[in-house]
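Written out below as structure tokens is the structure these notes cover.
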Protein chains: 2
Amino acid sequence: MNTLEFAKQKLTEVGLKATQQRMVILAAVQQSKNHPSPEAVYEKVRVNNPSISLGTVYNTLDIFVEKDLIQTVLAKNGLKRYDGRLGNHNHIHCVNTNEILDFEDEELNDLVLEFLKRKKIENLDIRKFSLHIQGEKIDEKKNIKIH
Amino acid sequence: MNTLEFAKQKLTEVGLKATQQRMVILAAVQQSKNHPSPEAVYEKVRVNNPSISLGTVYNTLDIFVEKDLIQTVLAKNGLKRYDGRLGNHNHIHCVNTNEILDFEDEELNDLVLEFLKRKKIENLDIRKFSLHIQGEKIDEKKNIKIH
DNA sequence: TCTTATTTAATAATTGTTACAAATTTAAAA
DNA sequence: TTTTAAATTTGTAACAATTATTAAATAAGA
């Protein structure tokens, strides 16, 4: 099953009409490795769907989040970013390159989950968690430090 | 030493001229418990400094972040929020109330720090980390679940 | 005090996002 | 298949948050 077929299936699963626009937008986000902005999704889907509108991309992404097909990522500059990957996973924010990289680690998830279970936070029904790591990406070639 | 004096000292420490505006803005953020937006800081300082300009608040907050006097918090809706608390600490995002609450836990910090040390992430110089917990705030009175 | 550089206020401009009305598409009914 | 109604999309206008600009005010040094 290709990505569009998969998107179509997901859409009908959550009760959304599987239009061409929705299919390509969903597929685009799910295929993206780099947490795209609405603008980035727009540019990507526009290549094969020149008549698609930016407003549709914005709307559709919001609908997808509401239906739990994708999730939002919080970016440093406050701009919207989306993530086709659901479930708990972590993000590395590069302070220099401004990239947001996925960082998946089963051990870390277990560690945190176990902690949260133990340390019952009062009056809070925990849905999701994510460790945000802020760091500087080092170009190894330049990483010759003389002390 | 009062908060303004403290702010003044911090400002000169990082090499910023300790103007009235900067002092009150820094003090306002540091005293805030609830991760204020620029607008919120503006409203707060305006009470005693009616002539202060919103633009100054925006600029000044950015300068403070750059000088590491405060830090930014990533809010769900994409609006800017600031945090007078430095160092590693965690945030609880309430999906229903939209609040961002601090969650400080020494044990959690140690747990994560120890993990990150062990699991050396390649080509990344880690600066900071923060666990983002997403959950629903439960009104305990309503929390009578019948299964 | 005078001079110069820095900072601020006020406002204009910009940008990302949302709202809207008309046009199009889809799905269902006839 | 055509008709009809509802949902969706487009294109654009409006909006709100943020940034840039410029003149005035302030602070620091000579």
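Order of the sequence lines sets the chain letters (A, B, ...), proteins ahead of strands, with each chain counted from 1.
Between A:H89 and A:H35, the ring planes lie parallel to each other; the angle is under 30°, not in the 30° to 60° tilted range.
Within 4.0 Å of A:T56, counting heavy atoms only, lies at least one base atom of the nucleic acid.
Side-chain atoms of B:K17 lie closest to D:dA27 of the nucleotides D:dT8, C:dT17, D:dA27.
Residues from residues 39-55 of chain B placing a heavy atom under 4.0 Å of any atom in DNA chain D do not occur.
At C:dT18, one or more side-chain N or O atoms of A:K80 fall inside 4.0 Å of OP1 or OP2 (strictly under the cut-off). The side chain of B:Q21 contributes an N or O atom lying less than 4.0 Å from OP1 or OP2 of C:dA9. Put simply, B:Y58 has a side-chain N or O that comes within less than 4.0 Å of OP1 or OP2 on D:dT18. Between B:Q20 and D:dT26 there is no side-chain N or O to OP1 or OP2 distance below 4.0 Å.
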Exercise for the section: Using Watson-Crick or G-U wobble pairs with both distances under 3.5 Å, give me DNA chain D in dot-bracket, 5' to 3', with [ ] for crossers and | for pairs to another strand. Expected result: ||||||||||||||||||||||||||||||

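A:Y42 places none of its side-chain heavy atoms less than 4.5 Å from the side chain of A:N49.
A straight line from CG of B:N59 to P of D:dA20 spans 9 Å, rounded to a whole angstrom. Atom CG of B:L61 and atom P of D:dA17 are 15 Å apart (whole Å).
Along DNA chain D, the nucleotide nearest B:A18 and the nucleotide nearest A:T19 are compared for position; the residue whose nucleotide lies closer to the 5' end is A:T19.
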